[in-house]
2 protein chains.
Amino acid sequence: MIASVAKALEILNLFSTAEPCLTLTTISKRLGMHKSTAHHLLNTLLQYGFIEQQADDSYALGKTIIALTQNVLVNVELRDRAAPLLRELADTCNESVYLTVRDGDRVLYIYAIESSQRLLARTAVGDYAPLYCTAVGKAVLAFLPPEEVSRLYADRPDSLAAFTPHTLTGFRQLQDDLARSRSRGYTVDNQEHELNTFCVGAPIFDAHNAVIGACSISGLDAEIIGARLEALSSGVVYTAQQISRRMGYVPERMSMVRQNMAGK
Amino acid sequence: MIASVAKALEILNLFSTAEPCLTLTTISKRLGMHKSTAHHLLNTLLQYGFIEQQADDSYALGKTIIALTQNVLVNVELRDRAAPLLRELADTCNESVYLTVRDGDRVLYIYAIESSQRLLARTAVGDYAPLYCTAVGKAVLAFLPPEEVSRLYADRPDSLAAFTPHTLTGFRQLQDDLARSRSRGYTVDNQEHELNTFCVGAPIFDAHNAVIGACSISGLDAEIIGARLEALSSGVVYTAQQISRRMGYVPERMSMVRQNMAGK
DNA sequence: ATACACTGTTTCATATTATGAAACTTACCG
DNA sequence: CGGTAAGTTTCATAATATGAAACAGTGTAT
């Protein structure tokens with residue numbers, strides 16, 4: 001661990017949507033470092049465009065970070081392959097479509113095709129969401145080794161905090177939902193994360209047949225998980241499978257065939 | 001300048017879409033540093049999620065960078081305010097819509113609503129493009145102080161390199177185009193950056209009445225700058241003005257009124 | 001089968017360099 | 001005009017990043 005690099009990265013992590021601009025003294029105070037040290041670090045970050053300085057001398061995250069995302073592995077390997085397929089899906093359903101990857105006990109939104117109504121808030125790309133109360137998150141959980149799900153949520157009641165009255169807050173309740181999802185092949189989110197938001201999600205697998213993320217259809221129409229569910233779910237599942245194939249995933253039947261052949 | 005921080009940032013800049021994964025030795029050789037030093041730096045970046053390690057031990061840019069973009073100043077102040085307006089624009093024209101900010105002699109794409117055909121390639125968000133041969137770039141140039149345009153392109157023939165046979169490669173030629181754009185209020189890109197891509201762009205101003213970026217409509221249909229031009233151009237111009245207002249821009253007539261009042 | 005070449009990782013003394021106190025500069029407010 | 005608080009610069013020293021070398025794995029070739 002190189003201390004000065006760690007400090008520089010901590011500075012980058014200090015900025016938030018609520019506080020996109022920070023002054024030198026605020027930064028140094030928050031991180032408990034001297035003004036001079038913070039200043040040196042900021043100057044270095046400034047030079048490389050990771051930080052920008054405003055007219056009022058305050059500091060903010062620089063545009064370089066936006067440019068860097070084009071080279072992030074998941075964007076190259078997953079997003080760029082999935083984007084055209086997700087676009088097709090969005091065209092057929094007229095709702096927002098999301099692509100997410102698992103990151104520990106959360107899911108990170110890496111691509112979105114958002115309807116006008118959704119965009120009244122900011123785009124979801126770059127946001128994290130919990131696994132247990134979103135369609136995309138539950139799609140990951142449903143196809144994760146059961147012991148990992150237990151490790152995350154069993155005997156940890158605070159790990160299943162309620163976002164809305166619809167959030168599944170019991171481990172058993174969650175397990176049942178995941179079992180149902182597994183047999184159906186898709187997940188349903190009935191306002192479990194956000195009120196009046198209904199989603200259908202499906203898991204995405206990689207070349208090792210492990211879940212790496214999920215995609216979903218999301219919107220304000222309750223019929224998404226009602227009258228439209230059959231059509232929409234087969235759409236997400238198909239899209240997720242296509243994406244999985246592009247990631248090198250070999251569908252189960254084939255791997256069973258291969259197993260049989262290997263057994264002979 | 002803190003050397004170790006600079007080296008860490010140089011490591012981050014080493015990754016590209018063509019090479020999203022790099023080995024330790026490649027990194028250390030390219031940057032002329034010892035394996036051990038690179039290893040220490042990478043470990044620190046790893047700890048903070050800026051770098052991820054693959055199964056084959058190679059390194060790649062981490063997901064944290066995607067999450068960071070939500071806090072970048074232009075995304076908070078410009079993108080999030082502009083997104084719903086751009087969505088409306090996209091709905092009316094059925095072509096790709098882009099939002100860009102100026103970054104020196106280039107333009108950075110920070111938001112996009114892309115049509116299926118465009119998405120056969122990757123999303124443009126995070127890409128840079130030159131100012132002189134794109135609708136968005138020329139919209140910035142047209143409303144920049146003329147001396148700045150001269151500084152960038154006058155007596156520098158190599159600064160106007162041709163991307164296609166349609167690229168404006170003469171300074172005089174560019175100036176004429178910018179003058180025409182200024183009086184119309186919008187710019188036209190007739191395959192100047194990419195063959196078979198036609199765009200209409202309009203400038204975005206901030207609270208100091210300075211150009212900070214531009215938005216555009218872009219597509220493969222030649223009629224975008226033909227039969228559909230009148231409708232599309234008034235659409236982008238209107239959208240760009242709305243975005244400018246949200247940035248604190250005061251339309252010119254009002255500022256003239258204020259000047260007159262100040263003069264009394 | 002064995003040795004070689006190539007990875008990435010760890011260790012450690014020392015030479016480099018980041019640090020923090022203080023002084024300097026600006027700007028703002030009373 | 002004087003005082004406070006901001007950012008910036010300087011500099012000696014204490015801290016720490018560095019690079020050599022040795023270690024540990026992997027795969028390849030002899």
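Here is the naming used below: chain letters follow the sequence lines, and residue numbers restart at 1 for every chain.
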Would one find a side-chain N or O of [X] under 4.0 angstrom from OP1 or OP2 of [N]?
| X | N | value |
| --- | --- | --- |
| A/Thr23 | D/dA6 | no |
| A/Lys7 | C/dT19 | yes |
| B/Gln53 | C/dT9 | yes |
| A/Ser36 | D/dT10 | no |
| A/Thr37 | C/dA18 | no |
| B/Ser4 | D/dT16 | no |
| B/His39 | C/dG8 | no |
| A/His34 | C/dA21 | yes |
| A/Tyr59 | D/dT8 | yes |

Nearest-angstrom distance from the residue atom [atom1] of [X] to [atom2] of [N]:
| X | N | atom1 | atom2 | value |
| --- | --- | --- | --- | --- |
| B/Asn43 | D/dA17 | CG | P | 13 Å |
| B/Asp56 | D/dG27 | CG | C1' | 14 Å |
| A/Leu22 | D/dA6 | CG | C1' | 15 Å |
| B/Leu41 | C/dA18 | CG | P | 12 Å |
| A/Asp57 | D/dA5 | CG | C1' | 13 Å |
| A/Gln47 | D/dT8 | CD | C1' | 15 Å |
| A/Met33 | C/dG20 | CE | P | 9 Å |

Next on the checklist: Check this for me: does the side-chain of A/Lys35 come within 3.5 Å of the base of D/dG7 through a donor and an acceptor?
Outcome noted: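 Result: at least one qualifying N/O pair found.
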
Next on the checklist: Can you tell whether the side chains of A/Glu114 and B/Arg87 come within less than 4.0 Å, N to carboxylate O?
Outcome noted: no

Checklist entry - Looking at A/Glu148 and A/Arg151, does any basic side-chain N land under 4.0 Å from a carboxylate oxygen? => result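 A/Arg151 and A/Glu148: salt-bridged.
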
Please pick, from [options], the nucleotide with the shortest atom-to-atom distance to any side-chain atom of [X].
| X | options | result |
| --- | --- | --- |
| B/Ile2 | C/dA18, C/dG8, D/dT9 | C/dA18 |
| A/His40 | C/dT7, D/dT8, D/dT10 | D/dT10 |
| B/Leu24 | C/dT9, C/dT7, D/dA17 | C/dT9 |

Checklist entry - Angle class for the A/Tyr98/A/Tyr109 ring planes (parallel below 30°, perpendicular above 60°, tilted otherwise)? => result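 Plane angle over 60°, so perpendicular.
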
Item to check | Separation between CD1 of B/Ile65 and OG1 of A/Thr64, rounded to the nearest 0.5 Å | outcome: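 So the CD1 of B/Ile65 and the OG1 of A/Thr64 are separated by 11.5 Å.
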
Item to check | Nearest-0.5 Å distance, CD1 of residue B/Ile51 to CG of residue B/Leu12 | outcome: 5.5 Å

Checklist outcome for this item: Between B/Arg122 and B/Thr17 the two heavy atoms that sit nearest each other are NH1-OG1, 2.6 Å

Checklist entry - With nearest nucleotides of DNA chain D determined for A/Lys29 and A/Val5 from heavy-atom distances, which residue corresponds to the more 5′ nucleotide? => result A/Lys29

